[in-house]
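I have placed the structure first, in the form of structure tokens, so that the comments after it can refer back to it.
Treat the numbers as computed from the prediction; the structure is a model and nothing was measured. Order of appearance sets the numbers: ligands from 1, and atoms from 1 within every ligand.
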Amino acid sequence: MLDVSKRLKAQLKTTGKNDPLLAGKTLAMIFEKPSLRTRVSFAVAMTQLGGNGLVLRQEEVGLGTREPLQDVARVLASMCDGIMARTFEHNKIENLAKFSKVPVINGLTDLSHPCQAMADLLTVEEHFGKLSGLTMAFIGDGNNVARSLAVACGRFGMPFVLASPTGFEFPADDMKRLKSQEPKLDLRLTTDPRDAAQKADVIVTDTWVSMGQEAEKAKRLQTFRGFEVNDDLLALAPKHAMVLHCLPAYRGLEISESVLEGPRSLVFPEAENRLHFQKGLIAVLMGGQ
Ligand code: CP
Ligand code: NVA
């Protein structure tokens, strides 16, 4: 998928368009949570590949409320060529996949955000010219984005360090799942962001308050104080270390304005790469690449 993404990105940049690999095809998209990047990148990816990205509002679809999930899955699969969904509960994605005969793509759940992780690796590979052997340090909440990055790092030979406050590391069941899913994953947990930054080639952070956790906001902001990715932290990292953030970012909380906008930020190329990775993904899943 990464290879196809790179090829399609190069094609777009050099010729201004892509081959219509998905002509006449439709990707149905359901969002239970807000989105900018995921929604736009999938819609534009479908357009640029000659197909259509159809956004269905959760209020209309009523996934699991207006009608059972297994019925939604079967009906969409009978008309569309792929389904992309962003849900709260992860088992909704799994159930959609169980009842759909077309590919179901995870556009973020409470558990994971695999499309983000792959766009991140595309960005890292473009910058460093390689993936294997690079150490990624995730500073902050052991959340959906962190979990998917850990899996991706395991798959591509990248040591992964998670620096989080006690209680916000990967829980035991996650550790077990990660180890069985990615036996080669070199994973280290720490509560010290400075320790994590010191040997990092890539430093990643994300919001301290994910969608659905708004009620815990005040407590979380308190707990995560000291975990900001700022100039002081970056000064401890190797000179070549670069910074990622999936966005939306909260400047002055998990990341400082100076780091986000500074010369070591890959955040906006990373956001653009959501588009390029989605294309590789759907070209493989729905376009026979
Ligand atoms: N990074 C990301 O998934 O952004 P959106 O929530 O805007 O889709
Ligand atoms: N962890 C964040 C990612 C947003 C793209 C969330 O789930 O809200």
Practice problem: Please report the C-alpha distance between D206 and Q116 in whole Å, then the side-chain angles of each, then the deciding distance to 0.1 Å, and finally whether the side chain to side chain donor-acceptor pair (under 3.5 Å) criterion is met. | Solution: CA-CA 11 Å; D206 182 20; Q116 181 69 52; over 6 Å; no

Quiz item: Quick one: does S210 get an N or O within less than 3.5 Å of an N or O on ligand 2?
Solution: yes

Quiz item: Would you say V202 and M242 make side-chain contact, with heavy atoms under 4.5 Å?
Solution: no

Quiz prompt | Pairwise side-chain contact, V267 with E270, heavy-atom cut-off 4.5 Å (strictly under) | solution = yes

Self-check item: Validation row: N143, Q213 side chains within 4.5 angstrom (heavy atoms)
Solution: no

Quiz item: So which protein heavy atom does atom 2 (C) of ligand 1 come closest to, and at what separation?
Solution: R274 NH1, 3.2 Å

Quiz item: Do E216 and V209 come close enough that some side-chain heavy atom pair is under 4.5 Å?
Solution: no

Quiz item: So which protein heavy atom does atom 6 (O) of ligand 1 come closest to, and at what separation?
Solution: R86 NH1, 2.8 Å

Practice problem: Report yes if some heavy atom in the side chain of D120 is under 4.5 Å from a heavy atom in the side chain of F277; otherwise report no. | Solution: no

Quiz item: At a 4.0 Å cut-off, with the gap strictly under it, does some heavy atom of T38 reach an atom of ligand 2?
Solution: no

Exercise. Would you check the N or O atoms of L108, main chain and side chain alike, for any that come under 3.5 Å of an N or O of ligand 1?
Key: no

Exercise. Could you tell me whether some N/O pair between C246 and ligand 1 is separated by less than 3.5 angstrom?
Key: yes

Quiz item: Can you check whether H276 reaches L12 side chain to side chain, under 4.5 Å on heavy atoms?
Solution: yes

Quiz prompt | Contacting atoms of ligand 2, where contact means under 4.0 angstrom from a heavy atom of M211 | solution = 4 (C), 6 (C), 7 (O), 8 (O)

Exercise. Find all atoms of ligand 1 within a distance of less than 4.0 Å from any non-hydrogen atom belonging to L36, and give their numbers and elements.
Key: 5 (P), 7 (O), 8 (O)

Practice problem: Output yes when the distance from some N or O of ligand 2 to some N or O of H113 is under 3.5 Å, and no in every other case. | Solution: no

Practice problem: Could you check which of R37, H245, H113 puts a non-hydrogen atom nearest to atom 3 (O) of ligand 1? | Solution: H113

Review item, side-chain donor-acceptor pairs of residues 148-156, under 3.5 Å, at least two apart:
residue, atom, partner, partner atom, Å
S148, OG, H113, N, 2.8
R155, NE, E182, OE1, 3.2
R155, NE, E182, OE2, 2.7
R155, NH2, E182, OE2, 2.5

Quiz prompt | Carboxylate-amine/guanidinium contact D19 R7, below 4.0 Å | solution = no

Practice problem: Consider every N or O of L108 and every N or O of ligand 2, then say whether any pair is closer than 3.5 Å. | Solution: no

Quiz item: Taking N or O atoms only and a 3.5 Å limit, does R39 qualify as a polar contact for ligand 1?
Solution: no

Exercise. List the steps and the verdict of side chain to side chain donor-acceptor pair (under 3.5 Å) for Q278 and S41.
Key: CA-CA 7 Å; Q278 315 304 30; S41 59; 3.1 Å; yes

Quiz item: Which atoms of ligand 2 have any heavy atom of L247 under 4.0 Å away?
Solution: 5 (C)

Quiz item: T207 to ligand 2: N or O pair under 3.5 Å?
Solution: no

Exercise. Do me a favour and list the nearest non-hydrogen protein atom to atom 3 (C) of ligand 2 with residue, atom name and distance?
Key: D206 OD2, 3.6 Å

Quiz item: So which of N144, D110, V209 gets nearest to atom 7 (O) of ligand 2, if we judge by its closest heavy atom?
Solution: N144

Exercise. Look only at interatomic distance and state if L247 has a nitrogen or oxygen under 3.5 Å from any nitrogen or oxygen of ligand 1.
Key: yes

Quiz item: Does M29 reach the side chain of V55, with side-chain heavy atoms less than 4.5 Å apart?
Solution: yes

